**Q** 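Let me give you the structure first, and then I'll get to my questions.
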There are 2 protein chains.
Amino acid sequence: MAEALTAEHILSTTEDVLRRYGPAKATVVDVARALGVSHGSVYRHFPTKAALREAVTERWLDQAHAGLADIAEATTPAPDRLRDWLRALFDSKRRKALGDPELFATFDVLAKENSDVIAEHIADLVGQLAKIVADGVKSKHFKTKDVQRTALAVFSATDRFHNPAHAREWTEPDVEDAFDAVCDLVIRGLAAR
Amino acid sequence: MAEALTAEHILSTTEDVLRRYGPAKATVVDVARALGVSHGSVYRHFPTKAALREAVTERWLDQAHAGLADIAEATTPAPDRLRDWLRALFDSKRRKALGDPELFATFDVLAKENSDVIAEHIADLVGQLAKIVADGVKSKHFKTKDVQRTALAVFSATDRFHNPAHAREWTEPDVEDAFDAVCDLVIRGLAAR
DNA sequence: GGACTGACAGATGTTGAAATCTGTCAGCTG
DNA sequence: CAGCTGACAGATTTCAACATCTGTCAGTCC
């Protein structure tokens, strides 16, 4: 009303609407109603509903994983840093899955649609892994011929602990054990002998 | 008609019906019709539709993975044997996903339902992994404190390449690379130094 | 009397008409 | 004239009547 209608304003309202109705029920009309404008105005800022969902998810992912980049950039020994980073990723994902289920469900929808936002998100995470692996090689903690390929392998091997498709398993009591066991295996697999 | 109605006969007809209609559409009435009996007769041999589906899937899984146990029992060096076994599992799963999609979909349904059949199937596979890991420890190729935990870690780390939830990824060109990279990482992680 | 049928109740699925939604755009409004 | 509205076409979703399915069981038929 008094405020100008900004993309930012639309995004945070959409987040609220998604949280209330979930990705299956939330409509652009709902968002417009919550903003007190016509839905045509929303289309002035976002070309499609999909673009809107993606923008919300992108923001949400950035916020959720803000701390990860710091861990990746730290100067701690690479093996410890890798374990901390994988742990932080797992904890962050699980916290979101349990504490913010509707937005997590939105994220899950995008993941199953091969959205660009998810591809970028994954590329970002694998890039951070590559940084840690490269540091480990430099410090002689790790040994590998192809850093990028190895970073991808680490990401694949820990898929169960960050891919939203597996979220239902994250409440089982054995996951913690499984996570630690996979971490041990992966870190040993990287180690220089 | 001339034949007596046996559980075996019902199972193979159900397999045909599932292949034709898929798990979502196939009904007990369809199976009975294909057998030329009333659906009440089917319930004489299987208590519920779910039990029937599970029995079919169990047979199908046994047949699909018949060769795996032989590999696990072989006397080749444990690292090679592990790689062969993981490769055989991946190939077998992928072949089924592409060549027998409706029964694979049935398997996928059971997997998402936490069915006992799937739990046993997994326990069987992890048992075979444990055999290979234990042999590797005996022959000094591998080193681990807890064989069972390690076998589970190997199974988790390669989840992307056998869990039906990931079947859509198995046709992407990069999977082969990813599979090899994860195998390398896992086998290095097991190796004694 | 053991194997099978078919009618049945309640649950689940299908269908098509009505309601709502997405995305566009000509026109209003300040 | 930049920002917004609201009517619109076509796509999608909802809803309720209807059909089919699951699982049971009294009764039929060798």
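Throughout, a chain's letter reflects where its sequence line sits, starting with A, and its residues are numbered from 1. Bear in mind that the values here come from a model prediction, so they are computed numbers and not experimental data.
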**Q** Tell me the interatomic distance from B/Arg44, atom CZ, to C/dG6, atom P, rounded to whole angstroms.
**A** 15 Å

**Q** Find the distance B/Arg53:CZ to D/dC21:P and express it as a whole number of Å.
**A** 16 Å

**Q** Sub-3.5 Å donor-acceptor pair from the side chain of A/Thr158 to the main-chain atoms of A/Phe161, do we have one?
**A** no

**Q** Does the side chain of A/Thr13 pick up a donor-acceptor pair with the side chain of A/Asp16 at under 3.5 Å?
**A** no

**Q** Could I get the full list of side chain to side chain donor-acceptor pair (under 3.5 Å) partners for B/Asp91, not counting sequence neighbours?
**A** B/Arg87, B/Arg94

**Q** To the nearest angstrom, how far is A/Leu5 atom CG from D/dT5 atom C1'?
**A** 13 Å

**Q** Which residues in residues 101-109 of chain A have a heavy atom closer than 4.0 Å to any atom of DNA chain D?
**A** none

**Q** Can you tell me how far P of C/dT22 sits from CZ of A/Phe46, to the nearest Å?
**A** 15 Å

**Q** Only pairs under 3.5 Å count here: list side-chain donor-acceptor contacts from residues 39-47 of chain A, not counting sequence neighbours, and write none if there are none.
**A**
{"unit_1": "A/His45", "atom_1": "ND1", "unit_2": "A/Ser41", "atom_2": "O", "d": "3.4"}
{"unit_1": "A/His45", "atom_1": "NE2", "unit_2": "A/Leu5", "atom_2": "O", "d": "3.1"}

**Q** Quick check: is A/Val109 connected to A/Leu103 through a chain of hydrophobic side chains (ILVMFWY, heavy atoms under 4.5 Å apart)?
**A** no

**Q** When you measure from the side chain of B/Ser115 to the backbone N and O of B/Ala111, does any donor-acceptor pair fall under 3.5 Å?
**A** no

**Q** Which of parallel (below 30°), tilted (30 to 60°) and perpendicular (above 60°) describes B/Trp170 and B/Phe104?
**A** perpendicular

**Q** Is any side-chain heavy atom of B/Trp60 less than 4.5 Å from a side-chain heavy atom of B/Thr106?
**A** no

**Q** Per the side chain to side chain donor-acceptor pair (under 3.5 Å) rule, what does the pair list look like for residues 69-82 of chain B, sequence neighbours excluded?
**A** B/Arg81-B/Asp135

**Q** Using whole Å, what does the distance between atom C1' of nucleotide D/dT14 and atom CG of A/Asp30 come to?
**A** 15 Å

**Q** Any N/O pairs under 3.5 Å between the protein and nucleotides 23-25 of chain D? List them or say none.
**A**
{"unit_1": "D/dG23", "atom_1": "OP2", "unit_2": "B/Tyr43", "atom_2": "OH", "d": "2.9"}
{"unit_1": "D/dG23", "atom_1": "OP2", "unit_2": "B/Lys49", "atom_2": "N", "d": "2.6"}
{"unit_1": "D/dG23", "atom_1": "N7", "unit_2": "B/His39", "atom_2": "NE2", "d": "3.2"}
{"unit_1": "D/dG23", "atom_1": "O6", "unit_2": "B/His39", "atom_2": "NE2", "d": "2.9"}

**Q** Between N or O atoms, less than 3.5 Å apart, protein on one side and nucleotides 12-19 of chain C on the other: list the pairs.
**A**
{"unit_1": "C/dT14", "atom_1": "OP1", "unit_2": "B/Lys25", "atom_2": "NZ", "d": "2.9"}

**Q** Please report the distance, rounded to the nearest Å, between OH in B/Tyr21 and P in D/dC21.
**A** 10 Å

**Q** What is the distance from CZ of B/Arg33 to P of C/dC4, rounded to the nearest Å?
**A** 19 Å

**Q** Using side-chain heavy atoms (C-beta onward) and a distance below 4.5 Å, is B/Asn163 in contact with A/His166?
**A** yes

**Q** Would you say that A/Arg83 contacts A/Asp184 through its side chain, given a criterion of any heavy-atom pair below 4.5 Å between the two side chains?
**A** yes

